[in-house]
Amino acid sequence: MQKTLADSVIVLDFETTGLSPQYGDRAIEIGAVRLEQGRIVDRFQKLMNPGFRISRFIEEYTGITNEMLRREPPCEEVMAEFAGFIEGHHYVAHNASFDRRFLEAELKRAKRTYTGECCCSLLVSRRIYQDAPNHRLQTLVAHAGVARTGSFHRALADAEMTAYVWQSMIERVRSQYGVPVVFFDQMRELSKLSKLYAHRYLSSLAESHERGQERQD
DNA sequence: TGCCAGGCCCTCTTTAGGGCCTT
């Protein structure tokens, strides 16, 4: 896959029956948006039937009920369709290790493959928004001052708001560190560094850009 | 019916423990 701009990715979110696909939990909703140069140009949202009744806790947590899922298509059918939506793109998710486990498990059941990379907006936010009271999505939406697009804990609204938080973090890299073009791989690298080295890394990106500009001049 | 995980990150750390995040 060629070098990707940080603001041209898929941002996705799953609602699920629990925390662990290894213990039988399944996806019940997928929501995703496609960013192109910082603008949402496409959306994907589907409920899916996991094949068993979901707990009352999940009904209350997400607002998705057993009645709503009763006539929805099975996970395999929805995820086969989603494989086409995400194909050829990297993706971002809030606490991506959680969504990655469900994406891999559900795509495997649907007999589909995906070869892109993921980046965690939660880990990036711990470097970019070190002054936030915490790094839950709901808190970051308020902290970054981005639009609330719907109910929290519904997949498409969470994906949209994650996309806006992601975009605001890219803007901060641009404005605070003077890095005009930010790549997906650079955000991934940033997410893996300690807070101290994250600051140094961002400063080095700006210096690299300035050296590039000098060579052009 | 009720239960389960896992990776990151900080510190009173590294021969560890516990909070944060996601559903």
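In what follows, every chain begins at residue 1, and chains take the letters A, B, ... in the order their sequences are listed.
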Rounded distance in Å between the P positions of B:dG7 and B:dC3: 24 Å

Would you please test A:Tyr61 and A:Phe57 for ring-ring contact (aromatic ring centres under 6.0 Å, His included) and show each step? CA-CA 6 Å; A:Tyr61 187 79; A:Phe57 171 79; 5.5 Å; yes

Charged N to carboxylate O below 4.0 Å: is that the case for A:Glu160 and A:Arg43? yes

Rounding to an integer number of angstrom, what distance separates B:dC20 and B:dT15 when you compare their C1' atoms? 25 Å

Looking at the side chain of A:Leu123, which of B:dC9, B:dC21, B:dG6 is the nearest nucleotide? B:dC9

Among B:dT23, B:dA5, B:dG6, which is the nearest nucleotide to the side chain of A:Glu15? B:dT23

Contact check, residues 56-70 of chain A vs DNA chain B, heavy-atom distance under 4.0 Å, returns A:Phe57, A:Ile58, A:Tyr61, A:Thr62

When rounded to the nearest Å, what value does the distance between C1' atoms of B:dA5 and B:dT23 take? 11 Å

Taking atom P in both B:dC8 and B:dC12, what distance in whole Å separates the two? 22 Å

Among B:dG6, B:dC8, B:dT23, the nucleotide that comes nearest once only the side chain of A:Arg126 is considered: B:dC8

Do A:Glu36 and A:Arg39 sit within salt-bridge range, that is, some charged N less than 4.0 Å from a carboxylate O? no

Between A:Thr139 and A:Asn134, does any side-chain donor sit less than 3.5 Å from a side-chain acceptor? yes

For the NE2 atom on A:His199, are there more than 12 heavy atoms of other groups (residues, nucleotides or ligands in this structure) within a distance under 6.0 Å? no

Of the nucleotides B:dT23, B:dG6, B:dC8, which one has an atom closest to the side chain of A:Leu19? B:dT23

Side-chain ion pair, A:Glu76 and A:Arg26, N-O less than 4.0 Å: yes

Minimum-distance nucleotide (side-chain atoms of A:Thr16 versus B:dT22, B:dG6, B:dT23): B:dT23

Quick one: which of B:dT23, B:dC9, B:dA5 gets closest to the side chain of A:Arg127? B:dC9

Which part of the nucleic acid does A:Leu137 contact within heavy-atom distance under 4.0 Å: base, sugar-phosphate only, or nothing? sugar-phosphate

At under 4.0 Å between heavy atoms, what does A:Asp25 touch on the DNA or RNA strands: base, sugar-phosphate, or nothing? base

Any carboxylate oxygen within less than 4.0 angstrom of a Lys/Arg side-chain nitrogen, looking at A:Glu59 and A:Arg56? no

Could you check how far CD1 of A:Ile54 sits from P of B:dG2, rounded to whole Å? 15 Å

Roughly how far apart, to the nearest Å, are B:dT14 and B:dG18 at atom C1'? 15 Å

